[in-house]
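The structure appears right after this line, and notes come after that.
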Amino acid sequence: MGYSYLLTIIEQFGYVALFLVLCLGLIGLPIPNEAVVLTGGALAASGMLEPGPAYLMTFLGISSAMTFNYSIGRFAGSRLFDWFMRKKNIEKFVVKADQLNAKYGGWSLGIGLLFPFLRHVMPFVAGTNRMKYGRFSLFAYPSAFIWTSIYFTIGALFGDHVEEIGDFIYDYGIIAAVLAVAVIAYLFWHYSLRSRAKKEDNAEQHL
């Protein structure tokens, strides 16, 4: 997964490494986006990075990558689309992205984030299909915010197991994403119950 390679980059370049690795993920860096965000959360929880800047760089990184791919599709999509369709290893993703875009419109951008390679293709297809930037941004950036928040939080909570979690997410895609959302929802629910119980105990002590 390139986990040790990622740590080396972060040690050398700090916060900007999180941004650059997410932006450049499409050109062959051997580090899945999930691993980058998980690692950012883990390092923030450990104190090696400040949580605010680390989260911001990961969010801006994935948002910038989506915007770049959308722009390529919008302004050069007609030529690249035909070329991609001749590449068997890319064609299936383009076809799937086109089907999702036709069926779900802007919501397909959020769906694409759940799958490792499709998340790069989906904005490109949205641009190729002439989706207006305002509509693109309305769906893309909130989806990126939610996606980043989920994996950043998981990394912060389970920092000792980032590599294993990253591999599982990369291998099982949407199943892992659903489990991730379920875990985060349970943790927040459990935390809210504990906070409520603590407030009730404090109230009773003051009576």
With sequence neighbours left out, the residues meeting side-chain contact (heavy atoms from CB on, under 4.5 Å) with Leu138 are none

Residue set satisfying side-chain contact (heavy atoms from CB on, under 4.5 Å) with Glu11, at least two apart, ordered chain then number -> none

The side-chain hydrogen bond (donor to acceptor under 3.5 Å, both in side chains) partners of Ser63 (sequence neighbours excluded) come to none

dist Ser143:OG -> Met122:CE (nearest 0.5 Å) comes out at 11.0 Å

So salt bridge (charged side-chain N to carboxylate O under 4.0 Å, His left out) across residues 111-123, not counting sequence neighbours, yields Glu34-Arg119

What one should report as the nearest heavy-atom pair of Ala44 and Pro51 is CB-CA, 3.7 Å

Donor-acceptor pair between Ser71 and Tyr133 side chains, under 3.5 angstrom: no

OG1 (Thr39) and OH (Tyr151) are apart, to the nearest 0.5 Å, by 13.5 Å

Q) Within a strict 4.5 Å, meaning less than it, do heavy atoms of the Leu60 and Leu18 side chains meet? A) no

Distance col, row Ile150:CD1 vs Phe145:CZ, nearest 0.5 angstrom, shows 10.5 Å

When every non-hydrogen atom of Ser137 is compared with those of Gly134, the smallest separation belongs to OG-O, 2.9 Å

Counting C-beta onward and ignoring hydrogens, is there a side-chain heavy-atom pair between Thr67 and Phe136 closer than 4.5 Å?
yes

The complete set of side-chain hydrogen bond (donor to acceptor under 3.5 Å, both in side chains) pairs with one or both residues in residues 41-60, sequence neighbours excluded, reads Tyr55-Ser149

Those residues at least two apart in sequence (or on a different chain) that pass side-chain contact (heavy atoms from CB on, under 4.5 Å) with Phe139 are Trp107, Leu109, Arg135

Sorted by chain and number, sequence neighbours left out, side-chain hydrogen bond (donor to acceptor under 3.5 Å, both in side chains) with Tyr104 holds for none

Quiz item: Checking Ser64 side chain against Gly61 main chain: does a donor-acceptor pair fall under 3.5 Å?
Solution: no

Residue set satisfying side-chain contact (heavy atoms from CB on, under 4.5 Å) with Ala17, at least two apart, ordered chain then number -> Ile9, Ile10, Phe13

Practice problem: Evaluate the side-chain proximity of Phe124 to Tyr70: yes if any heavy-atom separation is below 4.5 Å, no if none is. | Solution: no

Open item on the list: Between Asn69 (side chain only) and Ala65 (backbone N and O only), is there a donor and an acceptor less than 3.5 Å apart?
Closed with: yes

Between Met131 and Arg74 the two heavy atoms that sit nearest each other are O-NH1, 3.2 Å

In terms of heavy-atom contacts, Met66 and Ala140 come closest through CE-CB, 3.8 Å

The reported gap from CG in Leu113 to CD1 in Ile146 (rounded to nearest 0.5 angstrom) is 9.5 Å

The residue among Thr128, Asn129, Val121 that forms side-chain contact (heavy atoms from CB on, under 4.5 Å) with Asp98 is Asn129

Tested for side-chain contact (heavy atoms from CB on, under 4.5 Å) against Val37, the lone hit among Ile154, Thr153, Thr148 is Thr148

